[in-house]
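Indexing begins at 1, ligand by ligand and atom by atom, following the structure's order.
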Amino acid sequence: MAARLIDGKALAAGILERVRLQRIALGNKPLRLVSIYVGDDISSAVYIRNQKRACERMEIRFDLEHLPATATENDLVDRLHVLNHDDSVTGIILQRPLPPELRQFRLQAKIHPDKDVEGLNPANIGSIVYGMPKLVPCTALAALRCLKSTGVPLRGADIVMVGHSEVVGKPVAFLMLNEFATCTVCHVATQDLATKTRHADVIFTAVGKPGLLNGSMVKPGAIVIDIGIKQVPQVGPDGRPLLGDDGQPLLRLSGDADFDSVSAVAGWITPVPGGVGPVTVAMLIHNCVVAARLQQGLPIESALA
Ligand code: NAP
């Protein structure tokens with residue numbers, strides 16, 4: 001393996017240590033996150049568990065409000081209004097995915113920008129475009145923190161961002177522009193992805209398709225930040241799926257990059273798991289402290305400095 005690993009767990013520990021110090025400067029006011037989970041999509045369960053654990057470790061109160069899938073948009077708007085005006089609430093998380101009849105954009109816009117710890121209110125996304133980020137989407141922030149940990153200069157670097165979601169791809173692209181990098185954003189309609197990625201000094205990928213990026217698509221020495229997460233079957237040495245005691249296939253997490261072929265060519269790579277994921281959770285805690293500081297009219301510190 002040629003590539004050096006970007007250790008997300010170590011980065012997350014460093015971020016939490018810094019946040020701990022910033023928190024002391026806030027005084028004794030307790031911090032509290034309220035997470036709203038609508039319906040029963042089990043893909044939210046892992047995120048909720050990780051968020052809760054991280055909050056407990058940092059002595060941040062974490063309240064999960066589970067609403068039935070029948071909850072209406074107006075029910076949520078009313079609840080968000082109450083939480084926006086509750087001084088004991090530092091931050092509000094709206095777990096995704098929402099049931100399809102609920103409009104993400106409308107609801108995200110109803111969270112007060114200073115309590116929007118996921119950085120998805122249009123006002124917070126707009127602040128990134130203006131080059132004055134305050135609360136930034138946690139995954140985008142985490143991906144950039146992973147990249148910056150390499151120490152490689154970004155000014156003038158050629159970047160490819162695969163995926164253009166509001167949560168990851170678009171904010172990463174604007175954050176990279178703020179660093180004076182040149183960013184190409186690729187998506188489902190991009191023709192000949194490999195031609196684009198082969199020229200990149202840095203490749204971010206956030207799609208959720210294991211094997212989308214392989215070694216032949218990567219420039220030697222490039223940095224690969226793999227944000228994608230997907231559960232795939234584990235296979236044995238004979239290529240057959242491994243089964244658990246209950247006869248069900250054993251699963252493992254995979255990123256978008258074919259790790260073996262990409263790490264043979266790249267200069268740096270984030271593993272999955274253990275790369276961007278733990279840093280994302282640390283960034284949620286960072287954003288919680290940023291939210292508290294904004295609410296107290298205090299200056300905020302960048303997570304990327
Ligand atoms: P998303 O909203 O589904 O976005 C996926 C993006 O990939 C879309 O922009 C889609 O384009 C694009 N895409 C689909 N097929 C493609 C292809 N063949 N080539 C190029 N682009 C393609 O998902 P997301 O919320 O951004 O999350 C993306 C991945 O990151 C998922 O695996 C998710 O689990 C993971 N994730 C990880 C973390 C973490 O902490 N590590 C946090 C959040 C998300 P179209 O919209 O045009 O189809």
Side-chain angles (χ1 to χ4, degrees), residues 5-9 11-12 15-16 35 41-54 93-98 100 103-105 108 117-120 125 128 136-147 149 159-175 183-198 200 203-214 217-218 224-232 251-259 269-287 303:
L5 281 185
I6 298 172
D7 182 348
K9 286 186 188 157
L11 284 175
I15 293 161
L16 292 178
S35 167
D41 189 300
I42 51 159
S43 63
S44 301
V46 176
Y47 295 122
I48 294 171
R49 199 176 58 227
N50 290 342
Q51 290 165 357
K52 185 167 183 286
R53 210 180 286 153
I93 302 169
L94 196 53
Q95 295 294 344
R96 289 175 308 280
L98 289 168
R103 286 169 296 175
Q104 178 87 35
F105 177 79
Q108 216 72 58
V117 285
E118 292 189 292
L120 292 174
I125 299 279
I128 303 173
V136 177
C138 306
T139 310
L141 210 45
L144 240 79
R145 185 70 193 83
C146 287
L147 171 58
S149 74
I159 313 285
V160 163
M161 173 71 240
V162 190
H164 65 155
S165 71
E166 288 71 28
V167 185
V168 190
K170 285 178 186 137
V172 164
F174 280 103
L175 289 165
C183 191
T184 303
V185 182
C186 299
H187 43 68
V188 76
T190 297
Q191 292 177 26
D192 197 359
L193 180 65
T195 304
K196 312 265 189 302
T197 55
R198 256 183 232 127
I203 303 167
F204 293 96
T205 174
V207 175
K209 286 197 177 151
L212 181 74
L213 187 76
N214 65 51
M217 300 165 73
V218 176
V224 175
I225 308 292
D226 191 352
I227 301 157
I229 303 178
K230 181 100 180 170
Q231 285 199 323
V232 294
L251 300 173
R252 66 177 176 86
L253 290 182
S254 170
D256 292 339
D258 169 43
F259 187 82
I269 188 168
T270 53
V272 178
V276 178
V279 186
T280 299
V281 178
M283 287 306 184
L284 177 70
I285 303 296
H286 163 84
N287 275 354

- Query: Is there a side-chain contact between L144 and V136 (heavy atoms, below 4.5 Å)?
  - Reply: no
- Query: Do R198 and V218 have side-chain heavy atoms sitting under 4.5 Å apart?
  - Reply: no
- salt bridge (charged side-chain N to carboxylate O under 4.0 Å, His left out) pairs, two or more places apart, involving residues 162-171: E166-K170
- Message: Please give me the minimum heavy-atom distance between P137 and V167, naming the atom from each residue.
- Response: CB-O, 3.4 Å
- For R53, which residues count as a salt bridge (charged side-chain N to carboxylate O under 4.0 Å, His left out) partner, sequence neighbours excluded? none
- Item | salt bridge (charged side-chain N to carboxylate O under 4.0 Å, His left out) against R96, all qualifying residues, sequence neighbours excluded | E118
- Applying a heavy-atom distance cut-off of 4.0 Å, which protein residues contact ligand 1? Y47, T139, V162, G163, H164, S165, V168, H187, V188, A206, V207, G208, K209, L212, I227, G228, I229, V276, G277, T280
